[in-house]
Structure formats: structure tokens, C-alpha cells
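Reading through the C-alpha cells given below for one structure.
Since the structure is predicted, the reported quantities are computational estimates derived from the model, not experimental observations.
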Amino acid sequence: MGNPLRTAQDRRLPRIPEPCALVIFGVTGDLSRKKLIPAVYDLANRGLLPPGFVVLGFARRDWGDGDFESLAYEAAKKGARTPWREDVWQRLASQFQFVPGSFDDDAAFDHLAATLDDLRERNGIPGNAAFYFSIPPAAFPLVLNQLARTGMADNAKSGGWRRVVVEKPFGNDLNTAISLNQLVDEVFTPQDVYRIDHYLGKETVQNILALRFANSLFEPVWNSKYVDSVQITMAEDVGIGTRAAFYDASGAARDVLQNHLLQLLALVAMEEPTSFDPQEVRAEKLKVLKAISIPADIAKGTVRGQYLPGWVAGERAVGYLEEKDIPSDSTTETYVGVRLGIQNRRWAEVPFFVRVGKRMPRRVTEIAILFKRAPHLPFDPADVEMLGNNQLVIRVQPDEGVVLKFGSKVPGTTMEVRDIAMDFQYGEAFTESSPEAYERLVLDVLVGDRTLFPDAAEVEQSWRVIDPLEAAWAGTKPEPYRAGEWGPRAADEMLAREGRAWRRA
């Protein structure tokens, strides 16, 4: 008889996967070392992995299991969020294996398939495996075809579940996204495909849904009657790092706007789902993505920028064209600002200003809901000079929390009103620190929860927003801005034409 106190609906209880294997392609790369391996350790440290759990690494290195364990040890210890416990690591490391080979090496994939079969017998793993593609997007088709050839993607043949996790970018335009969707859905069944957007794993992003739908305070004013505009900002103080080849071929719009920022917009603007079933949540997000309208005049309603040499946080920063391996005549954008609309009754006439940029003054991702001013102010104009729009600001990173800005009287003998802020911070309100995004997402994959993973329709609809912008930008040069500035002057002018200004993030 099952535990009568334990129900599937009670989300407070730990979700522990069935015995399974996590196969990481590109296990020696940056993403695996900085995010995935530390996330696996943190999950083990929190008791959220089953006893029969194995990590299989696959990469182009002529290594043995011992070499792989050393790399994993250094990566886990450096990136772990939870306290380091040697006994936890030793138990986990005993279940690490490494298979060397290249993606076009049939023998290596045959060896990988044989290793998975062996683990099924030796570790009591009933054919369950998740394949994580921590590899360049160009290699996706090659690896998918190898998984199909060997039968490793086949649920029936494996005797358990087989899932695949695909990192963004998912294609580089609508046509390539459709082709990749078709391929991955042929190799794996559609419900076993997890297109990962790590922003959706962040606690503050998930809190958007709680903020809106668990409270009666915000939803009545979450519409065009009360909201003046919405600003979504993702600013980074760093440059392109070691991603020159990828970044120069994609640019800010394809790299971040198409996925992270349009997903944030969808969560802010979506209608209340009938339940938090994955299909219901994705259906509401898809409605928003389908309702997005791009500017009629793309030249006036968008701004592309590229950073020049400057100063960031007191340090000299080179310009984009001086970055290593970037062509001196590159016209790739490192900044995008765009005015979007949503064609439905809730958001009619409310502009959504979205911007993303590198080499900005500081790192910040936030969503700001700017409310309309009061229709009548019975104060002397001089007394409300310091009063702006009421604002609700959701800080996604790095200072996770929510800020509510509203007007209040300044102490004194006059009726002077200015903005003040009520500030909720995760770190102060909760004793438990927030899990890293990849912890949540890796666990969701292993337990089969697809709520936080965009489906093929969402990905394709996002490209339908981006492709016309890219077509209009073709052959144009980005506007210059100095490293350490909040983007090109043209971005400020775009809002100023409507009597608005970017929020000082």
C-alpha cells in the first residue's frame, strides 16, 4: 500500500528520479564544466539523485575514466553551490565513466551503446537515459543520426525512457529550426525532447507566475488600462569572451533575444493557464508569441549597436572589432533595442521595449512594468517634480527580487511627493538559497517534467518574430556605443520620440 500522505500533487516533497544515466556530449566543454557537473554534484548533495545514477561523458579526448574523474572533480569543487562533502563526491564519482570519440566515429557510438547496455545490467538502470547536447549546434544532426543508427534513442528497444536535452540556439532562422525540429522529433518522440532555456530555470523567472497568479493584488492592473509600457533589459558587462566564431555568426538578436527575452515577455504577458500542466502553460505562452507585432517601420522601431573601446567597472575594454578572431569589418550587433506590441485585448497599445547588450555598465536582467500616471494630481506642480511612474520591477539577476516603486510624501512641512521603493530580496526573505538554474532543469529532465521547456511551436514562432528583423537589418551597419555606456544614443531617441525613457537599471 502506498503512503497515504504522499500524493503526486504535493510539490513540496522531493522529486527523485528513477535509476537512470545522464550522457553528456561535449563533457569537456565550458558548459559542462561550469554548469552541468556542478549541478549534478549539488543535486547529489541535496539527496535528489537515485542510488542507481550514472554519468557518461563523451568527447574528443583520449582519456580514461580516471582522467575524466579528475576533470569532473575540479569542475564540481569550483562550481558547487552547496557545501563540499568528500563522501558525497566519492559516491558520485564511482558512477562516472568516459567514452572517447568524435561525432562521426561509428565505433565510438557503438561502444557508447554497449556501455549503456552494460550499465543496465550492472547498475540496475532499466534502460533510462537522458542525452545532453553540450555541443555546437552544427553538430546536432550528426549526433542525432548516430543515436538513431545505434537505436540508443529508441524507448522500446532500450526498455526504459530515452530523452534528449538540446541547448539553444535551436536553429539560426525559421527554416533551420523547422528542419532541426523535424529531425529531433523523428529520432526521439516529441514528448522526450527538452529544448533548454536556462533562464526559465531561474527562481525569479518562475516567480513571475507566482507573483501574478497567486495574488489578487497585481492581476487587476496587469493590462492596458493601467500599464503604460513594459521594459525588459538584459545587460552584460562582459564582452564575447571565447565565443568569437559563434557570436559573430549570430549576434545579439539570435543569441539572446530570440530565446531568453521572448520567453520572459511571454511569461509576463500570458493569460492565466487553467492549470500548471506543461501543455497548458506552453499553450498560453504560444498565444502571446503569436500575438507579437514588430514595428511597421523597423528602422525607427529597432536599434542595433556595436561596442567601441571604453571603460567598464574601472577597467579598459577593447571594442568589438578589436576582439580576438573578430573580422575588422564585422557588422554583427552586440546590442539590440526593439519596440514590440502584443495584439490582444489585454495589451493593445502597450509597447514592450526589449533590449540586450554586451559591455554595458553592469550586469543586470530585469522586467519593469511601468504604470500610467494618475489621471489627476491635486498637488502643486513643483511638489511632484520628483514623482515618476509607479513601477513593479522583477530583478532576474544578479540581485534577485522584486521592487515596487510608488510616490510618498517627504517628511516636512510641505506636501512634496517623490518616488520611494519597497524592496523584496530573495536572499533576505528566505533561509534557503535559490538552486542554480541548471540544477532545476537537469532534475526536471530526469523526472520528466517539461513545464519549463519551450516546445517546437514556441521556438518556431520566436523565429517568426526575429527573421523579419534580421532581413531588414541585412546590409546595415550597427550604431556605435562606447563600452561602459547603456547602448547607442539612437536607443534613447527611439523612446524619446514617444515621450518615454529607458529605466535606469
Do we see a donor-acceptor contact under 3.5 Å between the side chains of [X] and [Y]?
| X | Y | value |
| --- | --- | --- |
| Thr334 | Tyr481 | yes |
| Gln231 | Arg500 | no |
| Glu485 | Tyr307 | no |
| Thr302 | Trp473 | yes |
| Thr204 | Asn207 | no |

**Q.** Qualifying residues under side chain to side chain donor-acceptor pair (under 3.5 Å), relative to Tyr320, sequence neighbours excluded
**A.** Asp248
Q. CZ of Arg482: more than 12 outside heavy atoms within 6.0 angstrom?
A. no
Donor-acceptor contact below 3.5 Å, side chain [X] vs main chain [Y]:
| X | Y | result |
| --- | --- | --- |
| Asp255 | Ser250 | no |
| Asp467 | Asp173 | no |
| Gln306 | Thr332 | yes |
| Arg359 | Gly484 | no |

Which atom pairs, one a donor and one an acceptor, fall under 3.5 Å between side chains of residues 266-275 and the rest of the protein, sequence neighbours left out?
unit_1 : atom_1 : unit_2 : atom_2 : d
Glu271 : OE1    : Arg346 : NE     : 3.4
Glu271 : OE1    : Arg346 : NH2    : 2.8
Glu271 : OE2    : Arg346 : NE     : 2.7
Thr274 : OG1    : Glu280 : OE1    : 3.0
Ser275 : OG     : Asp277 : N      : 3.2

(Q) Could you work out, with salt bridge (Lys or Arg N to Asp or Glu O under 4.0 Å) as the rule, every residue matching Asp423, not counting sequence neighbours? (A) Arg395
